[in-house]
Amino acid sequence: MNLRISNRFTKELPGDLIYENTRRQVHSACYSYVTPKKTSGPTLIHASELVADAIGISSEGINSPEFLNIFSGNAIASGSAPYAMCYGGHQFGHWAGQLGDGRAINLGQVEHRDKQWTLQLKGAGPTPYSRTADGLAVLRSSIREYLCSEAMHHLGVPTTRALSLMLTGDQVMRDMLYDGNQAYEKGAVVCRVSPSFLRFGSFEIFAARKDIDSLKTLADYTIRQYYSHLGEPRKETYIALFKEVTERTLDMIIHWQRIGFVHGVMNTDNLSILGLTIDYGPYGWLEGYDYGWTPNTTDRQHKRYRYGNQPNIGLWNLAQLANALYPLINEAAPLEDILKHYKDQYETKSLAMMQSKLGLTNAGGPNEDEELIGRLRGLLQQVETDMTIFFRNLGDFKKNDPEGGFTVIEAAFYQLDQLPQTISDQWSSWFESYGKRLQKEAVNDADRKRQMNLVNPKYVFRNYMAQLAIDDADKGNYGLIEEMYTILLNPYDEQPAYQRWFAKRPEWARHKVGCSMLSCSS
Ligand code: AMP
Ligand code: MG
């Protein structure tokens with residue numbers, strides 16, 4: 001394995017002057033050096049050949065002892081000087097002070113095929129940012145992060161990636177539901193891969209501490225490394241940076257809305273400065289199309305991070321980032337303008353996204369489509385209707401056969417036999433309008449279906465699928481991990497061999513922990 005690791009991040013940014021791995025407040029520094037904890041018996045469960053290839057590791061490399069040792073944290077790659085990043089964040093709407101990589105240890109940067117990647121071990125042991133926790137991760141949450149981040153990538157959503165999933169051979173104590181029932185679980189480490197793991201909170205921490213020098217150094221680094229097309233760092237460039245982060249964040253959230261992904265913990269420390277989906281914790285996938293749904297039991301009371309609220313929270317988080325960048329700009333108006341624009345942009349992009357899910361171009365005019373889409377959203381929420389199946393099957397609708405519309409989508413209902421007549425009537429009338437609307441489109445049924453299938457996935461990483469893979473892996477069987485990984489490489493393809501995963505959530509999963517209820521314990 002010929003991995004060339006550089007240390008651009010630590011070379012160019014200010015670091016912690018203290019080298020002991022003790023938990024503390026770290027000032028005027030973007031990172032602290034820290035060594036991953038040795039594990040007692042690492043085993044590779046799965047590795048992504050695609051990610052390995054992107055960073056220059058061959059398939060033989062994946063199976064080498066070196067790979068096992070480096071990506072479990074047992075050995076340090078030559079040239080690597082591992083470090084944990086310092087950042088802060090707003091958690092559930094409140095400033096939480098210093099957070100930082102409490103259990104993530106970065107190995108450094110790899111440059112391959114003109115791209116820069118940071119490699120990061122999640123669950124590799126305590127760091128100065130671990131606060132009261134152990135720096136470790138358990139198998140269940142590691143499987144969820146590993147499979148979901150790769151699935152998201154292949155669904156076309158900007159995201160961090162994952163290279164490998166390993167058991168550490170060590171046991172980790174967890175109180176899975178925060179209800180006093182502690183138990184040992186298998187420990188695991190995921191190697192995450194991303195151009196950068198910098199977050200909104202990386203900037204907020206310096207602004208909160210009025211450390212404007214460090215803030216500027218970090219902003220300049222971010223611009224030079226990742227936003228160099230915006231020009232050399234200066235006031236206008238900081239504004240342009242904020243504008244582009246705003247656009248990327250919104251685009252990412254629109255993708256989440258398109259496929260029914262609910263992040264679950266959109267704290268500002270979990271929002272990437274590159275607009276990537278980051279930190280897969282108590283996330284979930286919509287089954288029933290429900291704007292009020294959140295998978296995160298920690299958020300059960302206020303549902304701050306529910307599906308329908310993700311766009312608003314994106315804006316709220318961007319406002320925190322604007323506050324953090326303000327000292328570099330010293331003028332509020334340009335930042336406020338960008339934030340004001342977010343709402344219009346959201347409406348435009350959200351409408352375009354929904355039009356694409358329905359196979360509509362602008363032929364009908366936005367007003368007509370807004371009405372049609374508004375009625376659809378209302379109907380989908382009246383009774384439990386599976387989002388993925390609904391939109392995928394809608395592709396089979398024939399524009400000259402509105403009466404046949406309901407049959408096309410009836411597999412999406414969780415309780416079809418209990419559907420009130422009034423709702424069936426509303427569906428009939430909706431299909432009537434949809435059929436009429438489609439008459440204005442030049443495209444024929446078959447081509448429209450092909451286009452719709454590019455935005456309406458056939459397979460997503462349903463909550464119960466993750467749980468089945470976890471239950472099996474707990475018993476030492478990794479076949480389902482392989483199967484899900486394979487299906488989710490091509491989520492828009494029919495893949496008849498995997499048709500059984502194109503199915504509504506089974507009843508046993510309705511209230512099962514891990515399927516409908518997840519906490520931050522991981
Ligand atoms: P999260 O909400 O999972 O993104 O985590 C919030 C903060 O808690 C981050 O700073 C994490 O690094 C930290 N954290 C979460 N779990 C652990 C753990 N087991 N040990 C140390 N720090 C943790
Ligand atoms: Mg986090």
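Both counts, for ligands and for their atoms, begin at 1 and track the order of listing. The residues of the chain are indexed from 1 along the displayed sequence.
Remark: side-chain polar atoms of Thr297 are not paired, donor with acceptor, to backbone N or O of Arg300 under 3.5 angstrom. Ser130 places a side-chain N or O within donor-acceptor distance of the main-chain N or O of Gly102, the cut-off being under 3.5 Å.
A distance below 6.0 Å separates the ring centres of Trp256 and His263. Aromatic rings of Trp285 and Phe461 (six-membered ring for Trp) have centroids beyond the 6.0 Å cut-off, not under it. In summary, the aromatic rings of Tyr83 and Tyr33 are positioned with their centroids too far apart to meet the 6.0 Å limit.
For the ring pair (Phe, Tyr, Trp, His ring centres under 6.0 Å) test, residues two or more places apart in sequence or in another chain that qualify with Tyr485 are His46. With sequence neighbours left out, Tyr346 forms a ring pair (Phe, Tyr, Trp, His ring centres under 6.0 Å) with no residue at all.
Within 4.0 Å of ligand 1, protein heavy atoms belong to Tyr87, Gln91, Leu99, Gly100, Asp101, Gly102, Arg103, Ser130, Arg131, Ala133, Asp134, Gly135, Leu136, Arg174, Asp269, Asn270, Asp279, listed by chain and number.
When side chains are defined from C-beta on, Glu483 does not count as touching Thr486, because their heavy atoms never get closer than 4.5 Å.
Both tests do not hold together for Arg304 against Phe92: distance to the six-membered ring centre under 6.0 Å, angle to the ring axis within 45°.
Only protein N, O or S atoms were scored, and 2 of them lie under 2.8 Å from the Mg ion (ligand 2).
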